[in-house]
Undergrad: 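What follows is a structure written as structure tokens; I'll ask about it next.
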Amino acid sequence: MENTNVITNDGMLTENGGMPQEKAPKEKNQIASRQRKRLIFYICMLIFPLLNFSVFYVYVNLDMFKLAFMHYELDPSGVGYLGTFVWFENFEYVVNFISTRMHMVTMSMSFYFYTLVCMPIAVIFSYYIYKGYPAANFFRVVLYLPSIFSGVVMVMLYQYLFRYVFRTELLLGHILFYNVWASFGMNIIMYTGAMCGINTSIPESASLDGATAIQEFWYITIPMIFPTIRTFLVMGIVHLFTNSANLYTFYGNSSPLRPLGYWMTVEKLDGSLVSRAIDPENHMNYPQLSALGVIITVATLPVTLIIRRLLEKYGPSED
């Protein structure tokens with residue numbers, strides 16, 4: 001009788017339909033080699049993002065937290081610094097410092113609420129482009145233009161337009177308009193991407209039932225892309241007090257508008273580990289800026305979680 005060899009699903013060799021035979025040592029080595037190569041590939045793919053996360057998020061934040069409780073002075077020998085643990089002294093200084101400059105906080109909030117008011121415009125333009133209405137491709141290019149070129153180049157062109165073409169200096173409204181326009185590129189990509197994920201049978205059924213474009217936008221599109229809208233709203237709160245509104249690109253360290261995010265940017269670039277010898281009462285060193293960062297995190301974290309929860313509970317849903 002002729003022998004018949006069968007290979008089972010797990011790769012075991014059987015003879016005449018009998019019990020599986022053990023794999024040959026060569027075949028086992030090949031399988032083990034492939035598994036090792038896969039493992040090495042996975043490790044190589046993960047090592048860079050893990051290293052990036054460890055250094056630029058975990059280490060930086062832990063170091064900021066440590067700095068917030070330290071005070072540094074120059075070593076008498078002239079080499080290095082001497083650190084002293086000062087408990088909450090830096091936090092007390094920051095609270096007193098900011099309490100006399102609340103205009104920076106209110107200006108940061110006004111910048112955020114302005115972009116919040118303009119968010120529906122980005123959603124409407126995204127819907128217009130998504131539906132392929134006349135000149136949709138033109139709006140796609142114009143609104144995405146700030147994301148293509150360098151921010152510094154776009155600011156230079158924007159300044160040239162107002163100073164030499166319109167013959168006027170940049171005002172607050174011009175700065176706000178630029179920030180909204182500059183944010184449209186990413187917003188439109190995200191919103192149109194979310195809209196393209198909507199099952200086409202849903203708006204088609206609504207159209208057959210007599211729904212207008214406005215009704216489709218309000219009752220179908222908005223609820224189905226609301227998770228994306230919610231993400232942008234929450235991220236705006238996270239960056240409420242750290243957004244510099246591109247003011248440093250416009251003015252360097254001499255901007256007439258000084259929201260808290262811009263002021264922190266200037267202080268970080270011009271600051272030092274020890275107190276400044278010139279006008280120390282109007283500036284912060286790195287430990288004090290770290291304390292300010294901890295305060296902002298503690299203040300915005302519960303607000304962010306509460307607003308996210310409210311948006312999830314009371315926002316429009318697909319149901």
Undergrad: Please check this pair: side chain of N90 against backbone of A68, looking for a donor-acceptor N/O pair closer than 3.5 Å.
TA: yes
Undergrad: Can you tell me if F65 has over 12 outside heavy atoms packed within less than 6.0 Å of its CZ?
TA: no
Undergrad: Is there a donor-acceptor pair under 3.5 Å between the side chain of Y158 and the backbone N or O of H174?
TA: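 Side chain of Y158 to backbone of H174, a donor-acceptor pair under 3.5 Å: yes, one is there.
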Undergrad: Check whether any side-chain heavy atom of V123 sits under 4.5 Å from a side-chain heavy atom of I222, and report yes or no.
TA: yes
Undergrad: With sequence neighbours left out, what residues match Y57 under ring-ring contact (aromatic ring centres under 6.0 Å, His included)?
TA: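 For Y57, the residues satisfying ring-ring contact (aromatic ring centres under 6.0 Å, His included) (neighbours in sequence not counted) are F53.
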Undergrad: Got a sec, which residues hit side chain to side chain contact (heavy atoms under 4.5 Å, CB included) with T212, two or more places apart in sequence or on another chain?
TA: I214, Q215
Undergrad: Going by salt bridge (charged side-chain N to carboxylate O under 4.0 Å, His left out), name the pairs with one or both residues in residues 123-140, residues two or more places apart or in two chains.
TA: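 For residues 123-140: K131-E216.
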Undergrad: Which pairs pass salt bridge (charged side-chain N to carboxylate O under 4.0 Å, His left out) with one or both residues in residues 174-198, sequence neighbours excluded?
TA: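 Sorted result for residues 174-198: empty, none.
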Undergrad: With N199, which residues qualify under side-chain hydrogen bond (donor to acceptor under 3.5 Å, both in side chains), at least two apart?
TA: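 N199 satisfies side-chain hydrogen bond (donor to acceptor under 3.5 Å, both in side chains) with S201 once adjacent residues are dropped.
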Undergrad: Hey, is the main chain of L257 close enough, under 3.5 Å, to the side chain of Y262 for a donor-acceptor pair?
TA: no
Undergrad: Could you grab the distance from atom CG of N96 to atom CD1 of I98, nearest 0.5 Å is fine?
TA: 10.5 Å
Undergrad: Could you note down all residue pairs passing salt bridge (charged side-chain N to carboxylate O under 4.0 Å, His left out) where residues 106-120 supplies at least one of them, sequence neighbours left out?
TA: none
Undergrad: Determine whether I295 and W87 fall in the same hydrophobic cluster, where Ile, Leu, Val, Met, Phe, Trp and Tyr are linked whenever their side-chain heavy atoms lie under 4.5 Å apart.
TA: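 Linked within one cluster.
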Undergrad: Determine whether Y72 and P287 make a side-chain contact, defined as any pair of heavy atoms from C-beta on separated by less than 4.5 Å.
TA: yes
Undergrad: Side-chain atoms of residues 232-250: list all donor-acceptor pairs with protein atoms under 3.5 Å, sequence neighbours left out, distances to 0.1 Å.
TA:
| unit_1 | atom_1 | unit_2 | atom_2 | d |
| --- | --- | --- | --- | --- |
| N243 | OD1 | A245 | N | 3.0 |
| N246 | ND2 | N179 | OD1 | 2.8 |

Undergrad: Please work out whether the ring planes of W181 and Y178 are parallel, tilted or perpendicular, with thresholds of 30° and 60°.
TA: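 Because their plane-to-plane angle is over 60°, the rings of W181 and Y178 count as perpendicular.
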Undergrad: Examine F97 together with W263 and report whether their ring centres are nearer than 6.0 Å.
TA: yes
Undergrad: Can any side-chain N or O of W218 pair as donor or acceptor with the backbone N or O of P223 at less than 3.5 Å?
TA: no
Undergrad: Report whether V60 and M70 are members of the same hydrophobic cluster (ILVMFWY, side-chain heavy atoms less than 4.5 Å apart, transitive linking).
TA: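 Not linked; separate clusters.
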Undergrad: Restricting to non-hydrogen atoms, name the atom on G252 and the atom on V266 that form the minimum distance, rounded to 0.1 Å.
TA: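 Heavy atoms of G252 and V266 come nearest at O-CG2, 4.5 Å.
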Undergrad: Please determine whether side-chain contact (heavy atoms from CB on, under 4.5 Å) holds for the pair V94 and M284, giving the CA-CA distance in whole Å, both sets of side-chain angles, and the decisive distance to 0.1 Å.
TA: CA-CA 8 Å; V94 168; M284 290 188 188; 4.1 Å; yes
Undergrad: Examine F226 and I202 and state if one hydrophobic cluster contains both, with Ile, Leu, Val, Met, Phe, Trp and Tyr joined whenever side-chain heavy atoms are less than 4.5 Å apart.
TA: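 Yes, F226 connects to I202 through the hydrophobic network.
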Undergrad: Which pairs count as salt bridge (charged side-chain N to carboxylate O under 4.0 Å, His left out) when at least one residue sits in residues 171-185, sequence neighbours excluded?
TA: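 Of all non-adjacent pairs touching residues 171-185, none passes salt bridge (charged side-chain N to carboxylate O under 4.0 Å, His left out).
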Undergrad: Do you know which of V294, L289, L273 makes side-chain contact (heavy atoms from CB on, under 4.5 Å) with L67?
TA: L273
Undergrad: Can E267 and H283 be said to form a side chain to side chain donor-acceptor pair (under 3.5 Å), step by step?
TA: CA-CA 7 Å; E267 288 294 295; H283 298 281; 2.9 Å; yes
Undergrad: What side-chain hydrogen bond (donor to acceptor under 3.5 Å, both in side chains) pairs are there with at least one residue in residues 104-128, not counting sequence neighbours?
TA: none
Undergrad: Can Q159 and L170 be said to form a side-chain contact (heavy atoms from CB on, under 4.5 Å), step by step?
TA: CA-CA 7 Å; Q159 289 176 320; L170 288 171; 3.6 Å; yes
Undergrad: Holding to side chain to side chain contact (heavy atoms under 4.5 Å, CB included), I want the full list of residues that pass it with I306, two or more places apart in sequence or in another chain.
TA: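 Only L310 meet the side chain to side chain contact (heavy atoms under 4.5 Å, CB included) criterion with I306.
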Undergrad: F91 vs F69 aromatic rings, parallel, tilted or perpendicular, using cut-offs 30° and 60°?
TA: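 The rings of F91 and F69 sit tilted, inter-plane angle from 30° to 60°.
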Undergrad: Do F217 and L208 sit in one hydrophobic cluster, given that two such residues count as connected whenever their side-chain heavy atoms are within less than 4.5 Å of each other, even indirectly?
TA: no
Undergrad: Let's go through I129 and I188 carefully: what are the C-alpha distance in whole Å and the side-chain angles of both, what is the deciding distance for side-chain contact (heavy atoms from CB on, under 4.5 Å) to 0.1 Å, and is it a yes or a no?
TA: CA-CA 9 Å; I129 294 171; I188 286 177; 4.0 Å; yes
Undergrad: So I229 and L311, do their side chains get closer than 4.5 Å, heavy atoms only?
TA: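 No, their side chains stay 4.5 Å or more apart.
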Undergrad: List, one per line, each side-chain donor-acceptor pair under 3.5 Å for residues 32-52, sequence neighbours excluded.
TA:
none

Undergrad: For R309, does its backbone N or O pair with a side-chain atom of E312 as donor and acceptor, under 3.5 Å?
TA: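 Side chain of E312 to backbone of R309, a donor-acceptor pair under 3.5 Å: no, none is there.
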Undergrad: Taking only residues two or more places apart in sequence or in another chain, which ones pass side chain to side chain contact (heavy atoms under 4.5 Å, CB included) with A122?
TA: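 By the side chain to side chain contact (heavy atoms under 4.5 Å, CB included) rule, A122 matches F184, N187, Y191.
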